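Computed from a predicted model, the values in this text were never measured in an experiment.
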Amino acid sequence: MSGSPLSLASEAFRTGRPRPALTALGALSLPLARAHELTGSSRHALALLLAAATEGPVLWIVPAWAPGRLYPDSVAEWIEPGRLIQATPKRAEDLLWCMEEALRAGVVPVVVAELPAPPPLTPVRRLHLAAETGASLGRCAPLGLILSTGSGGAAGVETRWHMASRHGPGITAWHLERRRARLAPPRAWRLSRDADGRLSLDPALLEPETAGA
C-alpha cells in the first residue's frame, strides 16, 4: 500500500508531516482524515462537488425530522446517485455519533452530516480522532463534511467553506469561499457550469459574511 492515500495519511499522523488532501478542480484542497464545515445556501452542492472528486460510496446523514431530502436528479448533476447512502437518525445526539462511527470505520471515503446547529469543540475533536483512526486501520482516509446552517461556526474544524448560488438567465454559477483553514488564507472563487456541464473555477473577491447567504 506504499504511496496510497491511506498509507500516506497514516504516516502523516505518526510523523507530523503535512497531511494528504482531497483536491477538487485543481484549487480546492481539504486535508483527508479530518472534519470540515460547509455553509451557505449551496452547501449541499459543495458537498456533492467534493464527493465527485472521490470514488466509492458517500454516506449522507440527515435528521429524520428534516423537511427536505436530496433529489436524485440534483444528485445526478454531480455524482452517480447509486453512490449515495442515506442515514436518517431519529435523535439529535445520534447524528454526530453516526458520523463518528462511520469515520472510525474507514470504509467510506466521504461522510456528510447535516446538523441543526454547529457542534462545539469536543465533538469535533472526536470526529478528527475517529477519522485518523479510520485512516490508520480502515481501507481509506475518510473526509468528514459537516453541513451547517447560516454562516456556521463549528469549533475546531480543519477548514470552513461557504457557497451560495449566483445563477442568472442562461448562467449557472456559484460564489465559493474558503473562510477558514489552518494552513491557508481566506480565498474566493466563482464556480461556473457551462451548457455542456463542464465546471470551471476562477478567482473572485471575498464578500462580507452574512448569516443567511
Problem - Shared hydrophobic cluster for Trp65 and Leu115 (ILVMFWY, side-chain gaps under 4.5 Å) - result: yes
Practice task
Taking His175 for its side chain and Met163 for its backbone only, find out whether a donor-acceptor pair lies under 3.5 Å.
Solution key: no
Practice task
Locate the shortest heavy-atom distance separating Thr39 from Gly150; write the atom from each residue and the value.
Solution key: CB-O, 3.5 Å
Practice task
Tell me whether Leu22 is reachable from Leu38 by hopping between hydrophobic residues (I, L, V, M, F, W, Y) whose side-chain heavy atoms are closer than 4.5 Å.
Solution key: yes
Problem - Donor-acceptor pair, side chain of His128 and main chain of Gly156, under 3.5 angstrom - result: yes
Practice task
Please tell me if the side chains of Ser74 and His44 come closer than 4.5 Å, counting only heavy atoms from C-beta onward.
Solution key: no
Handout entry: Leu199 CG to Glu77 CD distance, which is reported to the nearest 0.5 Å
Key = 10.0 Å
Practice task
First locate atom CG of Leu176, then atom CG of Leu191, and finally report the distance between them rounded to the nearest 0.5 Å.
Solution key: 6.5 Å
Completion exercise
For Pro116 and Thr149 the tightest heavy-atom approach is O-OG1, 4.1 Å
Problem - Straight-line distance of Gln86 CD to Leu84 CG, nearest 0.5 Å - result: 5.0 Å
Exercise for the section: Please confirm whether the backbone N or O of Ala66 pairs with a side-chain atom of Arg69, one donor and one acceptor, at under 3.5 Å? Expected result: yes
Exercise for the section: Of all the heavy-atom pairs spanning Pro118 and Gly153, show the shortest one and how long it is. Expected result: CB-C, 3.7 Å
Exercise for the section: Check the hydrophobic clustering (I, L, V, M, F, W, Y; side-chain heavy atoms under 4.5 Å; chains of links allowed) and say if Leu70 and Leu95 are grouped together. Expected result: no
Problem - From CA spacing to verdict: side-chain hydrogen bond (donor to acceptor under 3.5 Å, both in side chains), His167, Thr172 - result: CA-CA 5 Å; His167 307 325; Thr172 302; 4.9 Å; no
Problem - N/O donor-acceptor pair under 3.5 Å between Asp194 side chain and Asp196 backbone - result: yes
Problem - Spatial distance of atom CD (Glu101) from atom CG (Asp94) [nearest 0.5 Å] - result: 11.0 Å
Exercise for the section: Give a yes or no on whether the backbone of Ala130 and the side-chain of Glu100 come within a donor-acceptor separation of less than 3.5 Å. Expected result: no
Problem - Any Leu96 side-chain heavy atom under 4.5 Å of Pro119 side chain - result: yes
Handout entry: Closest non-hydrogen atom pair between Thr23 and Ser29, with its separation
Key = OG1-OG, 4.4 Å
Practice task
Could you state whether Leu129 and Val108 fall into the same hydrophobic cluster, counting links through intermediate Ile, Leu, Val, Met, Phe, Trp or Tyr residues with side-chain heavy atoms under 4.5 angstrom apart?
Solution key: no
Practice task
Would you check if the side chain of Ser42 reaches a backbone N or O of Ser165 as a donor-acceptor pair within less than 3.5 Å?
Solution key: yes
Handout entry: Full working for side chain to side chain contact (heavy atoms under 4.5 Å, CB included) between Leu28 and Leu201
Key = CA-CA 9 Å; Leu28 310 181; Leu201 201 61; 3.8 Å; yes
Problem - Same apolar cluster: Ile85 and Ile79, side chain cutoff 4.5 Å - result: no
Exercise for the section: Applying side chain to side chain contact (heavy atoms under 4.5 Å, CB included), run through Leu127 and Leu103 and close with a yes or a no. Expected result: CA-CA 7 Å; Leu127 294 177; Leu103 291 171; 4.1 Å; yes
Problem - Under 3.5 Å donor-acceptor, Arg34 side chain and Pro31 backbone - result: no
Problem - Counterpart residues, ring pair (Phe, Tyr, Trp, His ring centres under 6.0 Å), relative to Trp78 (two or more places apart) - result: Trp174
Side-chain donor-acceptor contacts of residues 46-63 below 3.5 Å, not counting sequence neighbours, with atom names and distances?
from	atom 1	to	atom 2	distance (Å)
Thr54	OG1	Ala51	O	2.7
Thr54	OG1	Arg83	NH2	2.9
Trp60	NE1	Glu114	OE2	2.6

Practice task
Determine, stepwise, if the pair Val157 / His36 fulfils side chain to side chain contact (heavy atoms under 4.5 Å, CB included).
Solution key: CA-CA 5 Å; Val157 290; His36 308 262; 5.7 Å; no
Fill in the blank from the handout: Taken to the nearest 0.5 Å, the spacing of Met99 CE from Leu145 CG works out to 6.5 Å
Practice task
Output yes when Arg179 and Glu37 qualify as a salt bridge under the 4.0 Å nitrogen-oxygen rule, no when they do not.
Solution key: no
Exercise for the section: Starting at OG of Ser136, measure out to CZ of Arg104 and round the result to the nearest 0.5 Å. Expected result: 12.0 Å
Exercise for the section: Decide, yes or no, whether a salt bridge links Glu132 with Arg19 under the criterion of side-chain N to carboxylate O below 4.0 Å. Expected result: yes
Completion exercise
Residue pairs meeting side chain to side chain donor-acceptor pair (under 3.5 Å), one or both in residues 180-189, sequence neighbours left out, come to Glu158-Arg182
